[in-house]
Number of protein chains: 2
Amino acid sequence: MTAEAKAAVPAAPPLTERQEARRRRILHASAQLASRGGFDAVQMREVAEAAGVALGTLYRYFPSKIHLLVATMQDQLQHLHGTLRKHPPSGTGSAERVAETLMRAFRALQREPHLADAMVRALTFADRSVSPEVDTVSRQTTAIILDAMGLDHPTPEQLSAVRVIEHTWHSALITWLSGRASIAQVKIDIETVCRLIDLTAPARDQRA
Amino acid sequence: MTAEAKAAVPAAPPLTERQEARRRRILHASAQLASRGGFDAVQMREVAEAAGVALGTLYRYFPSKIHLLVATMQDQLQHLHGTLRKHPPSGTGSAERVAETLMRAFRALQREPHLADAMVRALTFADRSVSPEVDTVSRQTTAIILDAMGLDHPTPEQLSAVRVIEHTWHSALITWLSGRASIAQVKIDIETVCRLIDLTAPARDQRA
DNA sequence: ACCAAGTCTGGAACTTGTTCTAGATTAGCG
DNA sequence: CGCTAATCTAGAACAAGTTCCAGACTTGGT
């Protein structure tokens with residue numbers, strides 16, 4: 001919680017070309033299988049086979065199924081962030097733009113609901129041993145939201161609002177994935193929580 | 001999502017006394033083991049043994065480990081709701097009272113962090129097959145929050161706010177349990193999201 | 001008291017995540 | 001090139017959730 005900003009993964013031994021390729025094949029196989037049948041369909045033996053790699057090797061690259069799926073999510077988020085940078089949200093207010101961005105991400109997930117299931121379940125099921133990786137995902141998400149808000153130097157209050165938005169985002173996704181909330185409801189929840197942003201705007205109308 | 005309010009479990013065959021006792025023993029064993037080592041420590045074979053029941057019987061009562069832990073959570077929530085009814089929050093505003101209530105619940109969880117871990121992880125990991133049970137938990141939570149707000153007939157807008165609060169509550173718990181957020185941060189997040197309540201108050205200062 | 005249906009028990013068996021081992025391959029280096 | 005350490009492979013082995021089964025026990029109805 002204190003001061004270790006920069007690199008969450010201090011020792012990232014440089015991978016050879018073949019190793020990079022293996023890693024990529026594994027992530028691809030993971031996403032592929034996840035797209036078919038969700039979390040349960042990502043079976044370590046199958047991932048290994050599809051990636052053309054021994055089971056032990058798979059575990060050397062990703063020490064658990066959860067690690068693998070969280071890494072898969074990092075991968076997908078990176079894509080998304082790139083896409084969003086190229087086509088920024090069009091709304092005029094911060095709240096609107098954030099809601100628009102999240103809804104766009106949501107629609108992307110709807111196109112691959114099984115993949116979404118695998119990634120989100122892994123993310124919320126992760127225990128302490130996966131904290132660094134999950135934290136990376138969280139930072140990526142935060143960056144996306146701050147981008148949408150157009151903020152470079154958020155106040156602590158605004159960061160709180162962003163954290164709450166992330167909470168809502170993850171949890172709303174889960175209720176949708178498990179069939180307990182409709183798409184429309186997720187939309188409402190996102191729009192509702194985005195109202196918090198205006199509440200923390202540094203400008204006028206502050207009387208608390 | 002439409003109109004089937006009353007009983008989520010349509011056919012609850014009346015249990016005999018011995019069956020009720022078995023069920024209670026199982027839930028007790030579950031909570032006991034969870035209190036020790038969290039999610040992983042709740043092993044079905046051990047629960048069965050501790051409850052003095054055959055493995056097959058355990059599975060007849062609770063069709064999966066997740067079902068078992070979600071039921072455990074229902075149980076604990078019931079306690080909590082009872083306690084809260086007897087000692088209502090003292091704040092003057094809705095937002096304050098809800099925040100106070102949730103912080104009180106949070107402190108209760110802090111006393112049994114392993115149990116909290118087991119229940120919350122089960123809750124968010126649950127797939128569609130556990131939807132009815134998870135939904136029950138959700139309704140219990142909603143009821144607790146509405147109680148704190150002192151509302152009997154919430155507007156749709158207020159219900160949205162309550163849903164977002166629940167999202168934040170669950171997700172914040174997870175970040176705390178996995179060591180990615182401090183207790184203080186959870187407190188801040190709860191207080192932040194509770195501000196939404198004032199935003200949806202039916203009274204004055206509505207100009208959007 | 002007796003029977004049929006349903007329930008419970010003990011235990012084996014199966015599935016999938018994870019670990020371990022022995023031997024082949026590869027990478028870096030003199 | 002030839003050596004050494006690291007990495008990779010194939011596959012066995014182990015752990016815990018889940019399923020199945022044969023036989024004993026309960027329950028409810030007659």
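Letters A, B, ... mirror the listed sequences (proteins, then strands); counts begin at 1.
- Rounded to whole angstrom, the span from the CZ atom of A/Arg45 across to the P atom of D/dA10 amounts to 14 Å.
- Among the atoms of the strands shown, none is found under 4.0 Å from any heavy atom of A/Phe62.
- Between the side chains of B/Thr72 and B/Ser30, at least one donor N or O sits under 3.5 Å from an acceptor N or O.
- When the C1' atom of D/dA16 is taken as reference, atom CD1 of B/Ile66 falls 13 Å away, rounded to whole Å.
- The residue among B/Arg18 and B/Pro63 whose nearest nucleotide of DNA chain D is located toward the 5' end is B/Pro63.
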For ring pair (Phe, Tyr, Trp, His ring centres under 6.0 Å), just list the numbers for B/Phe125 and A/Phe39, CA-CA rounded to whole Å, side-chain angles, deciding distance to a tenth of an Å, and then say yes or no. CA-CA 10 Å; B/Phe125 192 62; A/Phe39 188 88; 5.2 Å; yes
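- Rounded to an integer number of Å, the gap from NE2 of B/His67 to P of D/dG17 is 16 Å.
- Taking atom NZ on A/Lys65 and atom C1' on D/dG17, their separation rounds to 13 Å, with Å as the unit.
- Put simply, CZ on B/Arg121 is 13 Å from P on D/dG17, counting in whole angstrom units.
- In this structure, a donor-acceptor pair under 3.5 Å is present between the side chains of A/Glu166 and A/Ser138.
- Between the side chains of A/Arg180 and A/Ser178, at least one donor N or O sits under 3.5 Å from an acceptor N or O.
- Among the nucleotides D/dA12, D/dT9, D/dT18, the one closest to any side-chain atom of A/Arg22 is D/dT9.
- Not one side-chain nitrogen or oxygen of B/Gln19 sits closer than 4.0 Å to the OP1 or OP2 atom of D/dT27.
- No contact: A/Val47 has no heavy atom under 4.0 Å from any strand.
- If you walk DNA chain C from 5' to 3' and mark each nucleotide with an atom closer than 4.0 Å to a heavy atom of chain B, the marks span C/dT7 to C/dA13.
- Between the CG atom in A/Leu199 and the CD atom in A/Gln158 there is a gap of 11.5 Å [rounded to 0.5 Å].
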Working for side-chain contact (heavy atoms from CB on, under 4.5 Å), residues A/Arg121 and B/Asp127: CA-CA 9 Å; A/Arg121 298 263 292 287; B/Asp127 66 1; 3.9 Å; yes
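- In this structure, B/Leu55 and B/Gly52 both approach DNA chain C, and ranking their closest nucleotides by distance from the 5' end singles out B/Gly52.
- Under 3.5 Å, the side chains of A/His167 and B/Ser171 contain a donor-acceptor pair of N or O atoms.
- Following rounding to the nearest Å, B/Glu49 (CD) and D/dG17 (P) show an atom-to-atom distance of 14 Å.
- DNA chain D is contacted by both B/Gly56 and A/Ala54; A/Ala54 maps to the nucleotide lying nearer its 5′ end (nearest heavy atom per residue).
- Between B/Tyr59 atom OH and D/dT19 atom P the separation is 7 Å, expressed in whole Å.
- Side-chain proximity of A/Arg60 to D/dC8, D/dG17, D/dA13: nearest is D/dC8.
- The separation between A/Met44 atom CE and D/dA10 atom C1' is 17 Å, rounded to whole Å.
- Mapping A/Thr16 and B/Arg25 onto DNA chain C via the closest heavy atom, the residue that lands nearer the 5' end is B/Arg25.
- Applying the 6.0 Å contact sphere to NE2 of B/His81 captures more than 12 heavy atoms from other residues, nucleotides or ligands.
- Picking from D/dT27, D/dG17, D/dC8 the nucleotide with the shortest atom distance to the side chain of A/Thr57 gives D/dC8.
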